[in-house]
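Down below is the structure, laid out as structure tokens.
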Amino acid sequence: MILIKDQDEIQKVKAACQVVAQVFREIEGQVKAGISTLELDALIEGSIRRQGAQPAFKGYRGYKHASCLSVNAEVVHGIPGSRRLSEGDVVGVDIGALLNGFYGDAARTYAIGQVSGQARKLLRVGEECLELAIKQARAGRHLGDIGSAIERHAARAKFSVVRDLFGHGIGRSLHEDPLIPNFGMGGQGAELRPGMTLAIEPMVNAGGSQVLTLSDGWTVVTADNQLSVHFENTVLVTENDPEVLTK
Ligand code: MF3
Ligand code: CO
């Protein structure tokens, strides 16, 4: 069942989302060559806690960190560790916060220094996929309109979307109904209504759509070892334009 949030619940989801947005503002300058992913995770956790919130991912199904940091061919759920970011990498930074019983969730992918032309194009297209998807998050549209916008934009660029992982509703739980595929057919799937809060999160691969999970049980990588990017915002469906809560 897709939960419709009332004004009070919307304000609380928004407050949790604003914690995440503030973390991104604080860490942006630190996502650079030389920092280890564990150090970056510590900055993220510190920022979340200073804001009076809790890291949503820590403890989730036994996950031990505040963020997922996914480098190059890692798609999502990369585990922070001793690896240091270096020039030419792309790193996906996925952050969730829990505040006053409600969740916010967002991800951005960053270039470390100068990256390849292909990486730059993939970053641009991935971000555009999220923007186009958000434009479809309107009352009366369907989940398939979101997925279709993402899939078509990626395909136009000769990239592919991950088909094994999904966006999701969000609120009192990090993951609520509905599942939000990054592919689909316009007009198909559940109809969107005002008060739905959706975490829309395209994962776009430079090569094929196939992914694998490493033996650590978390890290999802592209099967062909090509680059992948991930962009996510938590979005409110309204009577009018969609509202991006994690901006
Ligand atoms: N942001 C991810 C999502 O939307 C959550 C990562 S899984 C976790 O599903 F274990 F890190 F929480
Ligand atoms: Co998410």
Side-chain angles (χ1 to χ4, degrees), residues 2-3 5 13-14 16-21 23-24 27 37-38 40-45 47-49 53-71 74-81 91-99 102-110 126-127 129-131 133-134 137 143 146-147 150 161-183 196-204 211-221 228-237 242 244-247:
I2 308 179
L3 298 173
K5 276 76 179 179
V13 174
K14 191 170 183 173
C17 287
Q18 280 303 299
V19 170
V20 175
V23 177
F24 278 109
I27 64 160
T37 51
L38 204 55
L40 183 52
D41 183 72
L43 295 178
I44 290 165
E45 180 163 356
S47 172
I48 293 170
R49 293 198 188 279
Q54 283 160 267
F57 301 168
K58 208 167 194 171
Y60 179 85
R61 297 187 180 204
Y63 192 73
K64 291 190 168 54
H65 302 277
S67 62
C68 298
L69 301 173
S70 307
V71 184
E74 296 173 358
V75 178
V76 287
H77 304 167
I79 302 173
V91 58
V93 177
D94 191 350
I95 301 171
L98 171 62
L99 181 69
F102 287 82
Y103 287 89
D105 188 5
R108 316 266 178 259
T109 301
Y110 298 92
E127 202 164 5
C129 281
L130 177 56
E131 286 164 8
I134 291 169
L143 283 177
I146 292 177
I150 294 167
V161 295
V162 174
R163 305 179 76 89
D164 298 357
L165 297 154
F166 303 85
H168 50 94
I170 182 168
R172 279 182 210 275
S173 302
L174 177 59
H175 296 133
E176 292 182 352
D177 283 346
L179 284 177
I180 306 176
N182 293 311
F183 56 90
M196 290 181 178
T197 45
L198 307 175
I200 301 175
E201 49 180 317
M203 292 147 248
V204 182
V211 298
L212 308 166
T213 304
L214 299 186
S215 59
D216 62 23
W218 284 102
T219 313
V220 177
V221 299
S228 184
V229 297
H230 178 215
F231 291 91
E232 175 178 25
N233 275 320
T234 298
V235 176
L236 172 68
V237 180
V244 180
L245 302 180
T246 40
K247 191 164 62 182

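First listed ligand is number 1; within each ligand, the first listed atom is number 1.
Of the protein's non-hydrogen atoms, the one nearest atom 3 (C) of ligand 1 is His175 NE2, 3.3 Å. Closest protein heavy atom to atom 7 (S) of ligand 1: His77 NE2, 3.8 Å.
Within the protein, the N, O or S atoms lying under 2.8 Å from the Co ion (ligand 2) are Asp105 OD2, His168 NE2, Glu201 OE2, Glu232 OE2.
Considering Ile44, Asp41, Thr37, Val23 in turn, Ile44 is the only one that fulfils the side chain to side chain contact (heavy atoms under 4.5 Å, CB included) rule with Val93.
Distances between N or O atoms of Asp105 and those of ligand 1 include at least one value under 3.5 Å. Not a single N or O atom of Tyr63, backbone or side chain, sits closer than 3.5 Å to an N or O atom of ligand 1.
Under a 4.0 Å heavy-atom criterion, Cys68 is in contact with ligand 1. Using a 4.0 angstrom heavy-atom cutoff, Arg61 does not count as in contact with ligand 1. Remark: distances from the non-hydrogen atoms of His168 to ligand 1 include one below 4.0 Å.
Proximity of the aromatic rings of Tyr103 and His168 is defined here by a centroid distance below 6.0 angstrom, and this criterion is not met.
The minimum heavy-atom distance linking Ala97 with Val19 is given by the pair CB-CG1, 3.8 Å.
Listed by atom number, the atoms of ligand 1 under 4.0 Å from Trp218 heavy atoms are 10 (F). Numbered from 1 in the order shown, with element, the atoms of ligand 1 that lie under 4.0 Å from a heavy atom of Glu232 read 1 (N), 4 (O).
Side-chain contact between Lys58 and Lys64 is absent, with no heavy-atom pair separated by less than 4.5 Å. Looking only at side-chain heavy atoms (C-beta outward), Asp164 and Val220 stay at 4.5 Å or farther from each other. In this structure, Thr109 and Phe231 have side chains that are in contact, with non-hydrogen atoms separated by less than 4.5 Å.
Ring geometry for Tyr110 against Phe24 counts as tilted: the plane angle lies between 30° and 60°, on a 0 to 90° scale. The aromatic rings of His77 and Trp218 sit perpendicular to each other, their planes meeting at more than 60°, with 30° as the lower class boundary.
In the model, Thr246 has a side-chain atom that pairs as donor or acceptor with a side-chain atom of Asn233 under 3.5 Å.
With a 6.0 Å radius and a threshold of 12 heavy atoms from other residues, nucleotides or ligands, Lys5 has its NZ atom above the threshold.
Between atom 1 (N) of ligand 1 and the options Val76, Ile170, Asp94, the minimum heavy-atom separation is to Asp94.
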ask   = Would Val20 and Thr234 count as a side chain to side chain contact (heavy atoms under 4.5 Å, CB included) if you check the C-alpha gap in whole Å, the side-chain angles of each, and the deciding distance to 0.1 Å?
value = CA-CA 10 Å; Val20 175; Thr234 298; over 6 Å; no
